[in-house]
> 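Got a structure for you, written out below as C-alpha cells; questions coming shortly.
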Amino acid sequence: MSKIILTGDRPTGRLHVGHYVGSLKERVKLQNSGEYDEIYIMIADAQALTDNAEHPEKVRQNIMNVALDYLACGIDPEKCHIFIQSMVPELTELTFYYMNLVTVSRVQRNPTVKAEIKQRNFEASIPVGFFCYPISQAADITAFRATTVPVGEDQMPMIEQCKEIVHKFNSVYGETLTDPEIVLPSNKSCLRLPGIDGKAKMSKSLGNCIYLSDEEDVVKKKVMSMFTDPNHLRVEDPGQVEGNPVFIYLDAFCKDEYFEEFWPEYKNLDELKAHYQRGGLGDVKVKKFLNKVLQAELAPIRARRKEWEQKLPEVFAILKEGSKAAEAKAAETLQDVKAAMRINYF
Ligand code: ATP
Ligand code: MG
C-alpha cells in the first residue's frame with residue numbers, strides 16, 4: 001500500500017512557533033525521510049471561512065502568508081503538493097455524503113469542537129458550516145487516501161472522528177476508504193505549545209503568538225514579556241519549571257549545543273532547571289537565554305521567507321500546480337465513493 005500524507009493549516013494568520021514545533025517540523029522530517037509516496041499539504045481556506053464568513057479578505061490574504069511560511073520552514077514543492085482547499089471542489093461533495101454518516105450529538109461530543117465553540121463565543125449561535133468542519137476534515141483526509149496525518153495534539157479528536165466515518169462508510173457501502181493514522185511530535189512539550197501569556201495553547205485567534213516571520217526585536221520583546229512561575233518573586237526563591245511557559249519553550253527548542261554557545265555555565269537544560277528549582281536564578285536571565293535560542297532557530301526561517309517574498313509569482317505557480325495535482329487525486333476518490341454508493345448514474 002502507498003504511504004500518503006495529508007496535513008494542513010487554516011489561513012487565518014501567519015504561522016507561529018506552535019505550528020512549527022507541533023506540526024511543521026515533523027512534516028519536513030517526514031518529507032525528507034523519503035518514505036512517503038505522495039505528500040499533500042492543504043491551505044484550508046474553506047475551513048477558515050466556517051468561522052470567518054464575514055472576513056473572506058482576511059482568509060484570502062493569509063493564503064500567501066501560510067504558503068510563504070511553509071516554504072520558509074523547508075517544505076519542498078518538489079516533494080509535496082501544496083494546494084488551496086477551495087480549488088478542489090470534490091472535497092465539498094465528499095463532505096456532503098459523509099454528513100449522512102455522522103450524528104449531531106457525535107459532533108457535539110467532539111472535545112476540540114466544544115473547546116473552539118467556547119473560544120469563539122459561538123455557544124448561542126453556531127454556524128452550521130463550523131459545526132460540520134470535522135466532517136469536512138474527514139473528507140480532506142480520505143480524498144487523498146492519506147495513511148498518515150502529522151498534526152498537533154488538538155487534532156486527535158478530529159482524526160478519531162475521521163476514522164469513525166471511514167469505518168461507517170466501509171461497512172455500509174463496502175471497503176472503499178483508507179483508515180488514517182495521526183503522527184504526533186515525539187517531544188511532549190511540542191504537543192500543545194502554550195501562548196506567551198501562558199494560556200493553554202498558542203493560537204492565531206488568541207493573539208498570544210510568536211510568529212515565524214516576527215522580526216528579531218519583536219521576538220525579543222515577546223520573550224521578555226512572557227509569563228513564568230507567578231510565585232518566583234525574588235531571585236533567591238525556588239522556582240517551578242513544570243507548567244512554566246519559559247521552560248516549556250526551552251524543552252521544545254533548546255539543544256545542548258546552545259548552552260556551549262550562549263551559556264557555558266550549564267551543560268544542558270537539566271542543569272539549568274535544577275538551578276532554577278533550587279533558587280538563585282532570575283527569570284530575566286532565563287528569558288535572555290530563551291531569546292537567543294529562539295533567534296538561532298528562527299533566523300534561517302526568516303531569511304528564507306524573505307527570499308520567497310521576492311518571488312511571489314513563483315509561489316502562485318506552486319499553489320496552482322499543487323491544486324491541480326490535488327484535484328486529480330480527489331476526483332479519483334470521489335469516483336470510487338460514488339461507485340461504492342452506486343450513485344454514478346451516467
Ligand atoms: P486558529 O486559531 O485559526 O484555529 P491555530 O493557531 O489553532 O489557528 P490551526 O491552523 O488551527 O492553527 O492549526 C494548524 C496545525 O498546527 C494543526 O496541526 C495544529 O494541531 C497545530 N498547532 C496549532 N497550534 C499549536 C500549538 N500551540 N502547539 C502545537 N501545535 C499546534
Ligand atoms: Mg486551530
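Basis for what follows: all heavy atoms, side chains included, without hydrogens, waters or symmetry-related copies. Whatever order the structure lists them in is the order used to number ligands and atoms, beginning at 1.
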> Considering only heavy atoms of Arg192, which atoms of ligand 1 have at least one such atom less than 4.0 Å away?
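What qualifies from ligand 1 is 28 (N), 29 (C).
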> Report, as yes or no, whether the 6.0 Å neighbourhood of atom CD on Glu123 holds more than 12 heavy atoms from other residues, nucleotides or ligands.
yes
> Please report whether ligand 1 has a polar contact with Arg27, defined as an N or O pair separated by less than 3.5 Å (distance criterion only).
no
> Any atoms of ligand 1 less than 4.0 Å from a non-hydrogen atom of Cys190? List them with their elements.
29 (C)
> From Cys73 SG over to His19 NE2, what is the distance, rounded to the nearest 0.5 angstrom?
10.5 Å
> Considering the heavy atoms of Arg120, write down every atom of ligand 1 situated less than 4.0 Å from one of them.
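Reading through ligand 1 atom by atom, the close ones are 4 (O).
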> Is it the side chain, the backbone, both or neither of Cys209 that has a heavy atom closer than 4.0 Å to ligand 1?
neither
> Could a heavy atom of Leu191 be found less than 4.0 Å from some atom of ligand 1?
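Judged by the 4.0 Å heavy-atom criterion, Leu191 does count as contacting ligand 1.
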> Could you tell me how the ring of Phe289 sits relative to the ring of Phe262: parallel (under 30°), tilted (30 to 60°) or perpendicular (over 60°)?
perpendicular
> May I ask you to decide if the ring planes of Tyr266 and Trp263 are parallel, tilted or perpendicular, using 30° and 60° as cut-offs?
perpendicular
> Any N or O of Met202 that comes nearer than 3.5 Å to an N or O of ligand 1?
yes
> So, is Glu116 polar-close to ligand 1, with some N/O to N/O distance under 3.5 Å?
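No.
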> Starting at OG of Ser23, measure out to CG of Leu15 and round the result to the nearest 0.5 Å.
9.0 Å
> Do other residues, nucleotides or ligands put more than 12 heavy atoms under 6.0 Å from the CZ atom of Phe227?
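Atom CZ in Phe227 is not packed in, count stays at 12 or less.
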> Counting from 1, what ligand 1 atoms have a heavy atom of Arg10 closer than 4.0 Å?
1 (P), 3 (O), 4 (O), 10 (O), 11 (O)
> Could an N or O of ligand 1 be found under 3.5 Å from any N or O of Val151, whether backbone or side chain?
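No, there is no polar N/O contact under 3.5 Å.
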> Is the closest side-chain donor-acceptor distance between Gln295 and Asn291 under 3.5 Å?
yes
> Could you tell me whether some N/O pair between Glu153 and ligand 1 is separated by less than 3.5 angstrom?
no
> Given Lys204, Met158, His19, which one has a non-hydrogen atom that is nearest to atom 8 (O) of ligand 1?
Lys204
> Distance under 6.0 Å and angle within 45° of the ring axis: does Lys329 meet both against Phe144?
no
> Looking only at distance, does Thr12 have an N or O less than 3.5 Å from an N or O of ligand 1?
yes
> At under 4.0 Å between heavy atoms, which part of Val21 makes contact with ligand 1: side chain, backbone, both or neither?
neither
> Which atoms of ligand 1 are found less than 4.0 Å from any heavy atom of Gly22?
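Answer for ligand 1: 29 (C), 30 (N).
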> Using heavy-atom distances only, which candidate in Gly8, Pro194, Gly18, Gly152 approaches atom 29 (C) of ligand 1 most closely?
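Comparing heavy atoms across Gly8, Pro194, Gly18, Gly152, the nearest one to atom 29 (C) of ligand 1 lies in Gly18.
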> Can you tell if the side chain of Val149 reaches within under 4.5 Å of the side chain of Gln155, non-hydrogen atoms only?
no
> Taking atom CZ of Arg60 and atom CG of Leu49, what is their separation to the nearest 0.5 Å?
12.0 Å
